[in-house]
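The chains referred to below are lettered A, B, ... by the order of the sequence lines, with proteins before strands, and numbering in each begins at 1.
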There are 2 protein chains.
Amino acid sequence: MADSSKTARRNNTDPESTRREILQAALEVLAKDGPESLSVTEVARRAGVNRGTAYQHFPTREDLAHATATWVSERIYEEFYGDFEEVSERNKIYPADLALERLSDFAMNNPELSRAWLFDVMATQGAVTDPFWNRYVKELREFVQQGNGRKDIDIEVYAFITLASALLWPIWAGAHARDTRARNRMRQRFVDEMMRLVLFGALVPERHSALVERFREMPEPVEAE
Amino acid sequence: MADSSKTARRNNTDPESTRREILQAALEVLAKDGPESLSVTEVARRAGVNRGTAYQHFPTREDLAHATATWVSERIYEEFYGDFEEVSERNKIYPADLALERLSDFAMNNPELSRAWLFDVMATQGAVTDPFWNRYVKELREFVQQGNGRKDIDIEVYAFITLASALLWPIWAGAHARDTRARNRMRQRFVDEMMRLVLFGALVPERHSALVERFREMPEPVEAE
DNA sequence: AAAGTAGTATACATCATTGTTGACTACATA
DNA sequence: TATGTAGTCAACAATGATGTATACTACTTT
């Protein structure tokens, strides 16, 4: 109650850190409500920063929105593929279960990034230019070419299925699982089921002989457009 | 330029139809921007209805939002399971590929409902009470119990994977595919790959013997909490 | 010591949205 | 013909967001 230094409580030498704080806050509201309801006022409030400061860094609401989107894209790439070379080196080949595990871990530990990314996908209708997505497809393609995956896979679709469900799962599962233990169990359930699915499929072949017949002769898919 | 009947151009005897038109418009904006940016003004404009009329049907913005959410839920259930009994009857058992095909068709033909549903999932963090979801899980469970699906499946997770990717796919694929032919091809790609996946998996077993070993001895999953 | 930089505080005009109210109209039914 | 219903139209106060601008402060560098 004593001091009241009236104005300018906080001064920062490092504008970059302020920028990051704003972007982080923007990410949070983006993850909460989607890109359309991202407001500068709200972001500034949440970042503990004056609204004017936010406008100094990002001239308009749109600028902030775009900057946040690319920031999300960069961060998700960095978080996921930042140490890829080392891990890959250590394991000679990046094993399938590890990839899936990493993906699930990432999604569980970064629900905000996942949500933001998904919102973006839903908004831009296909984030084909997204570096994360491109890298993910590329790695998968090499994995298959090296003989680890079935040749008749439609890589893009398969990549989409694994990525979309892995990123969306923690959001969905978040409802049931409050504490850490429950969340870990949910994560494990997903990894196990996904692993089981990519190893053995889901159907009992004898019961679907016609389908097995039809899909066994399927040619390798044509992806290019 | 001639006539100007000044006021009350349109009068409707059937309030239910107006209500539906408002809900339909609400669904459209909901699918576009997410639930947080649903505005009564915008909805009324889009429905070609006076704002006051919208307020007559839905006292507050929140009421409209909730009504829209449950309407989406009902419509998606109706669209998908409305004729389930007949189809099921005709085919004796509801075949796996037909189910997947129907799901994909639905998602392709109702991108707005899909988007709205997904937004809802992302907003409410787990639409466990959703009748569509519950029915989907129930049918899947029976399908497995009748010996058509592998016993070690974690039904809920599996249901989630198929449902989430099937509903999200058209949104994702919508970017690439403008015309009907391209969209149909995208739909077919998804169905084929998903079918292939549930039939045979994605990995080459010989290359992942350790994993095969580990997951072959996996007990049936415990789902109950 | 002076000048520049990063951020605060505040005010302002503009605009959109919410929710409410009151007057009016077209239609159907009793 | 009278009454109720469904909807239009217009106005209004309150709120909150966008952008802009100006004066002020603390800190750093020259």
#### Entry: A:V49/A:T18 under side-chain contact (heavy atoms from CB on, under 4.5 Å): CA gap, chis, key distance, verdict
CA-CA 8 Å; A:V49 140; A:T18 316; 4.0 Å; yes
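Contact check, A:H57 against C:dG7: a side-chain N or O comes under 4.0 Å of OP1 or OP2.
Using a 4.0 Å cut-off between a side-chain N of Lys or Arg and a carboxylate O of Asp or Glu, B:D33 and B:R115 do not qualify as a salt bridge. Salt-bridge check for A:E28 with A:K32: failed, with every basic side-chain N at 4.0 Å or more from each acidic carboxylate O. A salt bridge does not link B:R75 to B:E78: none of the charged side-chain nitrogens sits closer than 4.0 Å to a carboxylate oxygen.
For the pair B:Q56 CD and C:dT20 C1', the computed distance is 12 Å after rounding to whole Å. Between B:F58 atom CZ and D:dA6 atom P there is a gap of 14 Å when expressed in whole angstrom units. If you measure from atom CD1 of A:I22 to atom C1' of C:dG7, you get 10 Å, rounded to the nearest angstrom. To the nearest angstrom, P of C:dT25 lies 15 Å from CG of B:N50. With rounding to whole Å, A:E36 atom CD is found 16 Å from C:dT17 atom C1'. The CZ-P distance, from B:R20 to D:dA6, rounds to 14 Å in whole Å.
The rotation axes computed at either terminus of the helix from C:dA1-D:dT30 to C:dA30-D:dT1 lie 10° apart, taking five pairs at each end and rounding to 10 degrees.
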### Task
Summarise how protein sits on nucleotides 11-21 of chain D as a single string, 5' to 3': B when a protein heavy atom is under 4.0 Å from the base, S for sugar-phosphate-only contact, - for no contact.
B-----SBBB-
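Note that OG1 of B:T68 and CG of B:D63 are 10.0 Å apart. Values are rounded to the nearest 0.5 Å.
Using bins of under 30°, 30° to 60° and over 60° for the plane-to-plane angle, the ring pair A:Y77/A:Y81 lands in the tilted bin.
Considering every non-hydrogen atom in both A:V72 and A:A116, the closest pair reads CG2-CB, 3.9 Å.
For B:I76, the side chain to side chain contact (heavy atoms under 4.5 Å, CB included) partners at least two apart in sequence or on another chain are B:F106, B:W117, B:F132.
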